[in-house]
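Below: the structure, in structure tokens.
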Amino acid sequence: MPGKMSDQSQLPFQDANHDSESKEETIGRVVRVLPDVGGIDRPFDYLVPSSWLADGRDKNLQVGSRVRIPFGPRRVAGWVVEDYVDPPKEVKLRELTKISGMGPSSEMIQIARWVSYRWAGKLSSVLKTASPLRNIDRLPASPPDAVIGAKPPIWAIEALEKPKRVLRMPPNEEILPLIKAAIRTGDALVIVPSIEMSKSLTDDLKRIGIPVSLMPHQWAEATVGGVVVGTRSAVFAPVRKLGAILIFDEHNETLQEERMPTWHAREVAIERARRAEVPCVLISPTPSLEALQWGELQKFPKNHESESWAEVQIIDRREENPSRPGLLSDALVPLIRAKGENPTICILNRKGRSRLLACSHCGELVKCEDHQVPLIQDKDEMLLCTVDGVRQPSLCIRCGSTRFKNLRAGISRLREEIEALARQSTVEITSETKAADVTGCKLFIGTEAALHRFKKASQVIFLDFDQELLARRFRANEQALSLLAQASRLVGPKGSDGKIVIQTRQPDHEVLQAAVNGDPELLSESEKERRRILNLPPFSAQAEISGASAEIFMNSLGKPEGIQIMGPRDGSWLVQAPNSEYLAELLHKTERPSGRLRIQVDPQNI
DNA sequence: CGGACAAGCTGA
DNA sequence: CAGCTTGTCCGG
């Protein structure tokens with residue numbers, strides 16, 4: 001490609017009468033730059049200043065470089081996305097201002113392009129994620145090679161033998177052996193769901209002499225070698241000689257970006273590994289259907305897996321006398337009074353202030369038999385299904401009673417009730433709760449987020465697990481089981497002194513059966529069939545369209561063949577296509593109106 | 001995104 | 001009609 005330019009520079013004559021800005025003028029090296037400016041997603045061409053050729057600065061310029069450019073009346077940052085381009089004749093080029101530092105490799109820019117297409121968002125947002133936090137103009141020295149210790153266990157070696165692997169790893173299994181196995185293939189890229197986990201894993205690896213870079217801060221170190229560890233954005237990290245990609249807790253929703261484009265680290269990892277021709281291992285105690293659909297499942301021996309899940313005690317709230325209403329059953333009292341070595345954590349999800357009804361007589365939960373969602377009572381005392389709006393008389397399907405009670409409770413009053421009942425101080429865990437507030441305290445209440453604030457617990461008590469089981473999201477079952485897997489980690493495997501306690505009116509629910517038996521297949525098999533029948537992901541692809549301009553966008557989208565459109569509900573539409581390729585193509589060719597438009601591809605909470 | 005410029009609104 | 005707000009366009 002550079003040849004084109006030298007042909008022009010060897011033109012024998014310049015017409016002296018021509019305007020100095022004539023197109024016939026000698027053109028040097030031209031690069032295409034994507035400005036790092038929100039609201040712009042189009043590249044512009046710039047000349048590399050001829051003075052850079054003289055002092056050798058041009059040598060540092062390549063695809064991916066971070067540069068500064070004059071842009072209209074101001075100067076902005078940008079990325080070189082193409083080199084030695086043939087600019088359109090009619091534009092007058094301006095010169096690059098300077099090279100700010102290193103940026104993503106050209107391979108990474110290709111992946112970023114794919115991401116911006118797949119999730120219908122701006123390339124510049126993806127490139128920002130793939131770039132170092134601060135300008136980097138020189139790289140540190142390469143780390144020494146990792147000391148390859150004893151042979152890792154067979155299961156870890158096997159996990160890396162297939163290009164597309166789903167490893168169903170029991171909740172209390174160690175992850176280090178897998179990383180030790182992975183570094184035999186080259187530099188491993190390891191994605192974990194939380195910052196805390198990325199820090200502790202980095203420390204663990206350092207301790208055993210494995211060179212490791214923690215993203216996003218150690219971008220430069222990652223470039224020169226060793227294991228690379230980080231949360232979802234690290235899936236775009238530079239890796240010297242990529243050997244394998246490991247995604248821990250592949251089911252976790254924190255692996256999806258919440259800003260546009262709403263890319264998922266699991267899917268990006270799969271694509272990156274495919275392009276680099278290295279194995280990708282998706283690891284989870286409760287693999288997502290997306291993962292199971294994609295790769296080859298590897299399990300642990302049944303007994304081993306089952307024993308790794310915690311002991312589960314179920315409190316069937318249908319069976320107790322109705323004298324103690326609310327969330328605190330009689331059976332709970334001795335449990336919250338017990339003083340274990342580690343804390344007891346009570347979990348109650350306040351999100352989605354659902355009006356949950358239960359029969360006053362038998363305690364059965366009032367739900368729609370067709371859609372498995374809670375029914376609500378309307379003004380005429382009829383039971384209303386919130387999915388299809390079908391009404392039915394207020395009758396309990398179990399005992400025929402016509403009286404129902406409301407099961408809601410506020411969390412601060414609940415904390416007081418628990419404190420009184422437990423006869424020990426109880427602390428509510430919120431995002432503001434500091435470590436200092438909890439010293440000496442052994443009893444806590446919080447939302448499911450509290451599960452990530454502790455390393456160990458003697459008991460995790462789900463005060464109202466039906467809220468999880470009946471949540472109106474199609475992934476509710478998967479999410480509910482993953483909560484129990486997380487709780488299993490806190491309280492330890494069967495045989496340790498910790499346990500999970502679950503208050504429910506649906507003790508036979510398949511999520512609970514899966515947890516009690518330590519066998520996620522008891523859920524995943526039926527869940528897969530349900531999703532297939534209802535044509536939900538992974539058997540289809542969805543996008544949620546919202547924002548002020550959503551209606552205009554939906555109008556120009558029209559009603560294409562094979563596309564299902566639902567809504568509007570609260571100003572947002574759901575577009576469902578047979579697969580993500582089809583969906584991406586559709587969103588791409590639909591004209592974007594000006595104004596606020598949010599396109600959430602693969603929405604999690606539908 | 002943010003500056004430039006145009007078109008629309010207000011008050012004397 | 002100056003002085004200000006709101007809208008639309010454009011950047012190499």
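A note on names: the letters A, B, ... follow the listed sequences, proteins ahead of strands, and every chain is numbered from 1.
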Whole-Å distance separating the [atom1] atom of [X] from the [atom2] atom of [N]:
X: A:Lys122; N: B:dC1; atom1: NZ; atom2: P; value: 7 Å
X: A:Lys128; N: B:dC1; atom1: NZ; atom2: P; value: 11 Å
X: A:Leu47; N: C:dG12; atom1: CG; atom2: C1'; value: 10 Å
X: A:Arg42; N: C:dC10; atom1: CZ; atom2: P; value: 10 Å
X: A:Lys92; N: C:dG12; atom1: NZ; atom2: P; value: 6 Å
X: A:Asp41; N: B:dG2; atom1: CG; atom2: C1'; value: 17 Å
X: A:Asp36; N: B:dG2; atom1: CG; atom2: P; value: 12 Å
X: A:Arg94; N: C:dG11; atom1: CZ; atom2: C1'; value: 8 Å

Checking side chain to side chain contact (heavy atoms under 4.5 Å, CB included) for the pair A:Glu257/A:Trp119: CA distance, chi angles, key distance, verdict? CA-CA 10 Å; A:Glu257 171 64 48; A:Trp119 282 276; over 6 Å; no

Touch check for [X], heavy atoms < 4.0 angstrom, all strands: base, sugar-phosphate only, or nothing?
X: A:Ile40; answer: base
X: A:Phe71; answer: base
X: A:Pro88; answer: base
X: A:Gly39; answer: base
X: A:Arg32; answer: nothing

Check every atom of B:dG3, C:dG11, C:dG12 against the side chain of A:Tyr46 and return the nucleotide holding the closest atom.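 For A:Tyr46, the side-chain atoms sit closest to C:dG12.
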
Are side-chain N/O atoms of A:Asn349 and A:Gln467 paired as donor and acceptor at under 3.5 Å?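 Note: A:Asn349 and A:Gln467 side chains miss the donor-acceptor criterion.
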
Contact summary for A:Glu95 and A:Ser50, nearest pair of heavy atoms: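 Nearest pair, atom of A:Glu95 first, then A:Ser50: OE2-N, 4.3 Å.
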
Apply side chain to side chain contact (heavy atoms under 4.5 Å, CB included) to residues A:Glu581 and A:Arg118 and explain how you reach the verdict. CA-CA 7 Å; A:Glu581 290 80 11; A:Arg118 163 75 173 73; over 6 Å; no

Considering just the side-chain nitrogens and oxygens of A:Arg74, establish if one lies under 4.0 Å of OP1 or OP2 belonging to B:dG2.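 No, because none of the side-chain N or O atoms of A:Arg74 sits under 4.0 Å from OP1 or OP2 of B:dG2.
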
Ring centroid separation for A:Trp219 and A:Phe236, is it under 6.0 angstrom?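 That pair fails the under 6.0 Å test.
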
